[in-house]
Amino acid sequence: MTATEQTPPAQPGVEPPVDVHSAAAEQAAEIALARKDILRIATAGSVDDGKSTLIGRLLYDSKAVFEDQYEAVERASKGDYVDLALLTDGLRAEREQGITIDVAYRYFSTPRRTFILADTPGHVQYTRNMVTGASTADLAIVLVDARKGMLEQSRRHAFLASLLRVPHLVVAVNKMDLVDWSEAAYEAIRDEFTAFAAKLNIPDLTVVPISALNGDNVVTRSERTPWYQGPSLLHHLEHVHVASDRNLVDARFPVQYVIRPQSDAHHDYRGYAGTVASGVLRTGDEVQVLPSGLTSTIAGIDGPRGPVDEAFAPMAVTLRLADDLDVSRGDLVCRPSNAPHATQDLDALVCWMTDEPLRPRQRIAVKHTTRTVRGMVKELQYRLDVNTLHRDPEAGELGLNDIGRVKLRTTQPLFVDDYARNRVTGRFILVDEATNATVGAGMLVAP
């Protein structure tokens, strides 16, 4: 180091300047970023309730939209205002019709939390897309038009959110500016939705009056609703508690890939890569590998930036075991005293996603976590009407977007938990063996 490069001596009582580009500062920034919670959100509701506009407003008001993006949306807007819905509705058919067809994912963050938004369609024929978007959500926002009140699709999507065990539900009463910010209109919708939610499994319900077009109560509280004492929508999203929603009891680690570098630097390295589905795994813990049933201890856990002492959902890590066991993709690592249920008979609620209907005796592939096995539809117990919650035991098939209770039989055992207990090991997808297309999604229920 030359004389000009030497760090000046610290003066008494004066703290030395902080080098923001130092390795320690960069590591601190990475830790701060990693510790920020991630909240997965799915929007739902009927057609033209303003789901895409709400997400566009959230992105714009939280400064998550670049100037060139905003200018492009401004040019593409047809009316006398900037159509923020175009930030998510990118398909030509969506922009021509003014509707959402596919699930659009958008990402933004605030100093407190990072958000992953899934904008799901409101049309009946795209129920499968709504199921896809909400299957991993921590929170669902159901929009209701203040002029129309609760519609069939509002009830449908609230029911689907409860069926998918989304732990938090927010009802955004939109277009309040079109009913002159009527407190009576808001309270009527709030009371009706609360009464309907009492019939469902919704542990946390919040109702917020908003105007997505103008931004009232979206990011900041609005002066137009002095009768509303609750938080703005973004404030609620930032502070809703989701850490306790995760299953930290049942350790589940589906093996995705076996890492064997076989290089000079890592000659004897053998690691098992995957994403922790639930629970906590620590170095030194005794674990069991299924389906072999052999036990070992965790010799080490390697993360993206090096070794870590413990891993929990949804961390992607590599486990190293103390013993050389036969472990491959599709196996599952758990605790010997708390293993999932190994079974070839699956009892599940299935959402069917293709035009060719599901029928009894149909052969199909079942993908559960990282394990794929062949299976057959043993029985269709009933088809569910998601509007009336009526069960039709006489139904002989499930059509596109239908939901029903199905019994499946697989050629090899799967290691499962009930969906109500574990949303990762309690779900699966159905795959057409001929086309390799995903044709259904299932949620395991207690027999």
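The chain is numbered in sequence order, starting from 1.
K367 contributes a side-chain N or O that, together with a main-chain N or O of T369, makes up a donor-acceptor pair within less than 3.5 Å. A donor-acceptor distance shorter than 3.5 angstrom exists from the side chain of R113 to the backbone of E238, with no hydrogens or angles considered. Formation of a donor-acceptor pair under 3.5 Å by the D345 side chain with backbone atoms of R409 is not found in this model. With hydrogens and angles ignored, the 3.5 Å screen pairs a side-chain donor or acceptor of Q344 with a backbone N or O of T411. Panel note: side chain N214, backbone D216; no donor-acceptor pair is recorded below 3.5 Å.
For the residue pair G293 and Q288, the shortest heavy atom distance occurs at O-NE2, 3.3 Å. The minimum heavy-atom distance between R252 and N422, with the atom names listed, is CG-ND2, 3.9 Å. Here the shortest heavy-atom pairing between G396 and P360 reads O-CD, 3.5 Å. The minimum heavy-atom distance linking F193 with A158 is given by the pair CZ-CB, 3.6 Å. T370 and P254 make their closest contact through OG1-CB, 3.8 Å (heavy atoms, listed as atom of the first residue, atom of the second, distance). Contact record, V144 with M150: CG1-N, 4.0 Å, taken as the closest heavy-atom pair.
Side chains of N201 and S162: a donor-acceptor N/O pair is absent below 3.5 angstrom, by distance only. Under 3.5 Å, the side chains of E310 and T283 contain no donor-acceptor pair of N or O atoms. Side-chain polar atoms of N174 and S211 form no donor-acceptor pair below 3.5 angstrom. With no hydrogens or angles considered, no side-chain donor-acceptor pair links D204 and H241 at under 3.5 Å. For the residue pair D191 / T194, no side-chain donor-acceptor distance below 3.5 Å is found, with atom types taken as modelled.
Contact annotation: the side chain of D245 approaches that of H168 to within less than 4.5 Å [non-hydrogen atoms, C-beta and beyond]. A heavy-atom distance below 4.5 Å is found between the side chains of W227 and Y186. Residues E286 and T295 have side chains in contact (heavy-atom distance under 4.5 Å, counting atoms from C-beta outward). Side-chain contact between F115 and I41: present, with at least one pair of heavy atoms (C-beta onward) separated by less than 4.5 Å. Contact of the L281 side chain with the L319 side chain is registered, since non-hydrogen atoms from C-beta on lie closer than 4.5 Å. In this structure, D331 and L290 have side chains that are not in contact, with every pair of non-hydrogen atoms separated by 4.5 Å or more. The side-chain heavy atoms of Q412 and T410, taken from C-beta on, include no pair separated by under 4.5 Å. Between V173 and R190 the shortest side-chain heavy-atom distance does not fall below 4.5 Å.
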Check residues 228-237 and write down every donor-acceptor pair under 3.5 Å in which the side-chain atom is one partner and the other belongs to a residue at least two apart or another chain.
unit_1: Y228; atom_1: OH; unit_2: P231; atom_2: O; d: 2.8
unit_1: Q229; atom_1: NE2; unit_2: P226; atom_2: O; d: 2.9
unit_1: S232; atom_1: OG; unit_2: V219; atom_2: O; d: 3.1
unit_1: S232; atom_1: OG; unit_2: H235; atom_2: N; d: 3.3

Under 3.5 Å, side-chain donor or acceptor atoms of residues 134-141 against the rest of the protein: list the pairs with distances, not counting sequence neighbours.
unit_1: S135; atom_1: OG; unit_2: T132; atom_2: O; d: 2.9
unit_1: D138; atom_1: OD2; unit_2: R40; atom_2: N; d: 3.0

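Annotation: side-chain hydrogen bond (donor to acceptor under 3.5 Å, both in side chains) contacts involving residues 427-441, sequence neighbours excluded, comprise R374-E433. Contacts classified as side-chain hydrogen bond (donor to acceptor under 3.5 Å, both in side chains) and involving residues 316-326 (residues at least two apart or in different chains) are given here: S296-D323, D302-R320.
Applying the 6.0 Å contact sphere to OH of Y269 captures more than 12 heavy atoms from other residues, nucleotides or ligands. For F196, the CZ atom is densely surrounded, since the number of other residues' heavy atoms within 6.0 Å is greater than 12. Within 6.0 Å of CZ on R260 lie more than 12 heavy atoms contributed by other residues, nucleotides or ligands.
Salt bridge E192/R155: present, at least one basic N to carboxylate O contact under 4.0 Å. No salt bridge links R391 with D385; every basic N to acidic carboxylate O contact stays at or beyond 4.0 Å. A salt bridge links R359 to E397: at least one charged side-chain nitrogen sits closer than 4.0 Å to a carboxylate oxygen. Of the charged side-chain nitrogens involved, at least one lies within less than 4.0 Å of a carboxylate oxygen, so that R421 and D250 count as a salt-bridged pair.
Between atom CG of residue L143 and atom CD1 of residue I210 there is a gap of 5.0 Å, rounded to the nearest 0.5 Å. The CG atom of N217 sits 9.0 Å away from atom CE of M176, with the distance rounded to the nearest 0.5 Å. Atom CZ of residue R371 and atom CG of residue L332 lie 9.5 Å apart, to the nearest 0.5 angstrom. Distance check: I202 CD1 to R165 CZ gives 11.0 Å after rounding to the nearest 0.5 Å. Distance check, rounded to the nearest 0.5 Å: CZ of R270 to CG of L325 gives 9.0 Å. Separation of atoms CG (L39) and OG (S109) is listed at 12.5 Å; rounding is to 0.5 Å.
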Take D347 and R405, measure what salt bridge (Lys or Arg N to Asp or Glu O under 4.0 Å) needs, and give me the verdict at the end. CA-CA 7 Å; D347 200 343; R405 186 152 175 169; 3.1 Å; yes

Taking it one step at a time, do V258 and Y272 satisfy side-chain contact (heavy atoms from CB on, under 4.5 Å)? CA-CA 5 Å; V258 180; Y272 308 105; 4.0 Å; yes

From CA spacing to verdict: side-chain hydrogen bond (donor to acceptor under 3.5 Å, both in side chains), S278, N247: CA-CA 5 Å; S278 60; N247 184 334; 4.7 Å; no

I'd like to know whether V317 forms a side-chain contact (heavy atoms from CB on, under 4.5 Å) with F253, so could you lay out the CA-CA distance, the side-chain angles of the two residues, the decisive distance to 0.1 Å, and finally the verdict. CA-CA 10 Å; V317 296; F253 183 79; 3.8 Å; yes

W352 and L430: side-chain contact (heavy atoms from CB on, under 4.5 Å), yes or no, with the steps? CA-CA 9 Å; W352 195 243; L430 301 174; 4.0 Å; yes

Give the intermediate values and the outcome of side-chain contact (heavy atoms from CB on, under 4.5 Å) for residues V439 and E356. CA-CA 9 Å; V439 294; E356 185 66 26; over 6 Å; no

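With sequence neighbours excluded, no residue forms a side-chain hydrogen bond (donor to acceptor under 3.5 Å, both in side chains) with R221. Every side-chain hydrogen bond (donor to acceptor under 3.5 Å, both in side chains) that R335 has, sequence neighbours left out, goes to D285.
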